[in-house]
Amino acid sequence: MVEKMKMVHIVTTASRKDEMLRALRDAGVMHLAEKQSADREVSERFQTLSRTAMALGDYAEKKQAMSTEILSDDEFDKMYKGVLDAIDRKAALNQEISSANTEIDRIRAWGEFSPADAADLREAGYDLHFYRMGEKELAAAIEDENVRLIRLAPVDKQPAVAVFGTLPPEIPATEFVLPDKSISEMQADIEADRAGIAECDEVLKAASVHQASFKDQILKASNELNYATADATVQGDDQFVWLSGYIPEVDMDKFKEMAEATGCAWAADDVAEDDDQIPTKLRYSKVSRLIQPVFDILGILPGYREQDVSLWFLLFFTLFFAMIIGDGGYGVLILLGTIALRVKQGKGSTVTFLLFVLSIATIVWGAVTGTWFGMESAMKVPFLKALVIPSLATYPEYFGLTSDVTQNAIMKFSFSIGAVQMSLGSILSIKEKLPKKDLSWVADLGWTVAIIAMYLLALNLVIHDPIPLTPVFGMIGVAFVLVLLFGGMSPELTFGQGLKAGLANAFTDFLDTISCFGNVMSYIRLFAVGMAGVAISQSFNGIAAGMSGPLIILGVLVVLIGHALNIIMCFLSVVVHGVRLNVLEFSGQVGLEWTGLPYEPFKKIDK
């Protein structure tokens, strides 16, 4: 559920500002309202530390032992300064090498010569200039009696000349500026720069073992940044300072104890109805907590005034995952990988528990459909065959059925899931609106009727179930009228105003009714993507089966690589299709827009 929030204001004297901030940080329950930017220097240190730690990861050798010692602040600052200097110096040396190579390429056509000799000639009174020009301009310069020139090797396929003096304006040309050093001198500089880069690399490799110290300093910098942000957010005058923020109602006692201990004055009130900056804190159950990693990866969170559907999201996501992966053998591999991860971690985590649930669900779905690495021979194993539900079988011929029968059964199952999930979304929306006396719940009832009608229509059109269409279209008509008349209702409007608002959306409601059929139909992707995965695994098995004798090793590689690619594509399909059905189709029926702001209390971070 979404935790109820209180808007809290805390006040103290200006001289006790730091004491108040430290107490608030120790309590760790207030989400600051209208955060201000921290001091630039503090922010830049945190960012630079993070970037540097990531950069040093490229210099850590695989067999190199990491230091577990945490350097003192002075020791770290000395080492860190050397790292930053090495990074800056290396960047500068690479730039010098790049510039030198560009210059060498520019004059390579003229071979080895000394630019200093040209400078000496100028000092001796020979005003030499070098030009690049086109063939016509070269011919004009040669014919001009007042131009004294020497032809040189072409530069970038253009004629080049040395001219005593300058060319007259009527002969267009690009002056070629000589470098300060010869090619050999620049090559010597490049070698010296490379030696300098090697020295920088040694410094960075030596620093890369101090990952623990970098993590410690990043943690300190993060806390300093949080404190500086809170300090910048505090408002006040010469006598008093105050701070406002959101605190979960369940944590108010902890806040009151802190305020009493520090002698701060405070006031709390319910959040304003028009406040759109209220953070969302979800209180998960032991089961629904499993979906939290998915929410974190997707970056989604219900708004403060939206419903918490985490439990339903988990249940349907698990089913979608199993159907899209679709192979019990793949589920076994995921389960083994999860067990290995669990052993490596030493203790369970939300991610590992979620993977356990998903892998077991995939094994169950693979068992009831008889899909084990796409191998038809699995049905020759009595135990595996006994687990299959014949109407869902991937290989129906082993149960005296045709492929049309089983495919229609799986499609009907997919449509049924869609109808159940979308209807559930409408029911959850009705449940939310009834206590608020919001008459638009009648429109949600209309959507429930429309979903059931569209489900029956899909069965008739796609699977050819003998469903009479006259009552189906009657249901669609009734649903449209309910949505049209009650879709604009709101507690803030009178019945007449709500009716007028609903009628004004007649065309939009008509399009949404048609779109409802598309939403139900979209659940066929569960069948289609699952079948595609089975077909791909069967194809790789067939390719490998045709290889015998010396080619058997190649056949094994084909099977391993093929199934690995298929598993990757199945995981991508879960993200594209399985998540979409929850985030769009289901959430749309609930009225959930995932507009939540994460609850991030001002507190000291310890890891």
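No hydrogens, no waters, no symmetry mates; every other heavy atom, side chains included, goes into these values.
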Return the minimal non-hydrogen interatomic distance between M7 and G245, and the atom names on each side.
SD-O, 3.4 Å
Any donor-acceptor pair under 3.5 Å linking the side chain of E34 with the backbone of T233?
no
Could you check if a side-chain atom of S587 sits within less than 4.5 angstrom of a side-chain atom of N582, using non-hydrogen atoms only?
no
Evaluate V481 against V478 for side chain to side chain contact (heavy atoms under 4.5 Å, CB included), listing each step before the verdict.
CA-CA 5 Å; V481 171; V478 171; 5.9 Å; no
Does N223 use its side chain to pair, donor to acceptor, with the backbone of K604 at less than 3.5 Å?
no
Ring centres under 6.0 angstrom apart (W312, F317)
no
Test side chain to side chain contact (heavy atoms under 4.5 Å, CB included) applied to V309 and V590, step by step:
CA-CA 9 Å; V309 295; V590 180; 4.2 Å; yes
Are F415 and F527 close enough that their ring centers fall under 6.0 Å?
no
Regarding H563 and N541, do their side chains bring together a donor and an acceptor under 3.5 Å, going by distance alone?
yes
Please check: side-chain N/O of Y304 versus main-chain N/O of M5, any donor-acceptor pairing under 3.5 Å?
yes
So, D327 side chain and G374 main chain: donor-acceptor pair closer than 3.5 Å or not?
yes
Pairwise side-chain contact, D444 with K433, heavy-atom cut-off 4.5 Å (strictly under)
yes
Separation between CG (L392) and CE (M323), nearest 0.5 Å, reads 8.5 Å
Ring centroid separation F321 to F571 under 6.0 Å
yes
Euclidean distance, L314 CG relative to S288 OG, rounded to 0.5 Å
7.5 Å
Donor-acceptor check, side chain of T362 to backbone of L358, threshold 3.5 angstrom: yes or no?
yes
Any side-chain donor near an acceptor of the partner, Q589 and S426, under 3.5 Å
yes
Distance-minimising heavy-atom pair for I10 and M30:
CG2-CE, 4.3 Å
Which distance, rounded to the nearest 0.5 Å, do you find between the CD1 of I360 and the CZ of F356?
7.5 Å
Are the side chain of D438 and the backbone of L434 linked by a donor-acceptor contact shorter than 3.5 Å?
no
Look up atom CD in Q421 and atom OG in S416, then write down how far apart they are to the nearest 0.5 Å.
13.0 Å
Check whether any side-chain N or O of D275 sits under 3.5 Å from a backbone N or O of V271 as a donor-acceptor pair, and report yes or no.
no
What heavy-atom pair brings G303 and V2 nearest, and what distance separates the two atoms?
O-CG2, 4.5 Å
Are F320 and V574 packed together at the side-chain level, in the sense that at least one heavy-atom pair is separated by less than 4.5 angstrom?
no
Tell me, with the steps shown, if F540 and V558 meet side chain to side chain contact (heavy atoms under 4.5 Å, CB included).
CA-CA 7 Å; F540 282 111; V558 167; 4.0 Å; yes
Side-chain (S537) to main-chain (V534) donor-acceptor, under 3.5 angstrom
yes
Note: K380 and Y398 closest approach over all heavy atoms is CE-OH, 3.8 Å
Do L333 and F373 come close enough that some side-chain heavy atom pair is under 4.5 Å?
yes
Test item: F295 and F313 side chains (from C-beta on) under 4.5 Å apart, heavy atoms
yes
Gap between atom CD1 of I536 and atom CG of L565 - 0.5 Å precision
9.5 Å
Is it true that atom NZ of K603 has more than 12 heavy atoms of other residues, nucleotides or ligands lying nearer than 6.0 Å?
no
Shortest non-hydrogen separation from E3 to V250 and the atoms involved:
OE1-CG1, 3.7 Å
Verify, without hydrogens or angle tests, whether R525 (side chain) and I324 (backbone) share a donor-acceptor contact under 3.5 angstrom.
no
Would F399 and K385 satisfy side chain to side chain contact (heavy atoms under 4.5 Å, CB included), going step by step from the backbone distance to the final call?
CA-CA 9 Å; F399 303 91; K385 184 178 179 181; 3.8 Å; yes
Taking it one step at a time, do S522 and E585 satisfy side chain to side chain donor-acceptor pair (under 3.5 Å)?
CA-CA 9 Å; S522 69; E585 276 79 355; 3.2 Å; yes
Side chains of W441 and S429: is there a donor and an acceptor less than 3.5 Å apart?
no
Is there side-chain contact between Y330 and N566, with at least one heavy-atom pair below 4.5 Å?
yes
Using a distance-only test with no angle check, is there a side-chain donor-acceptor pair under 3.5 angstrom linking T371 and T394?
yes
More than 12 heavy atoms of other groups within 6.0 Å of E593 CD:
no
Is there a side-chain contact between V332 and I363 (heavy atoms, below 4.5 Å)?
yes
Angle between ring planes, W365 versus F413, binned at 30° and 60°: parallel, tilted or perpendicular?
parallel
Could D270 and K6 be called an ion pair, given the rule that one side-chain N must be under 4.0 Å from one carboxylate O?
yes
For A232 and S37, work out which heavy atoms get closest and say how close.
CB-O, 3.4 Å
Return the CZ to CD1 distance between F517 and I451, rounded to the nearest 0.5 Å.
13.5 Å
Could you tell me whether K412 atom NZ has more than 12 heavy atoms of other residues or ligands within 6.0 Å of it?
no
Mind checking whether T369 and V388 have side chains closer than 4.5 Å, heavy atoms only?
no
Spell out, as yes or no, whether a donor-acceptor pair under 3.5 Å connects the side chain of D251 to the backbone of I247.
no
Below 6.0 angstrom between ring centroids: does that apply to W266 and F255?
yes
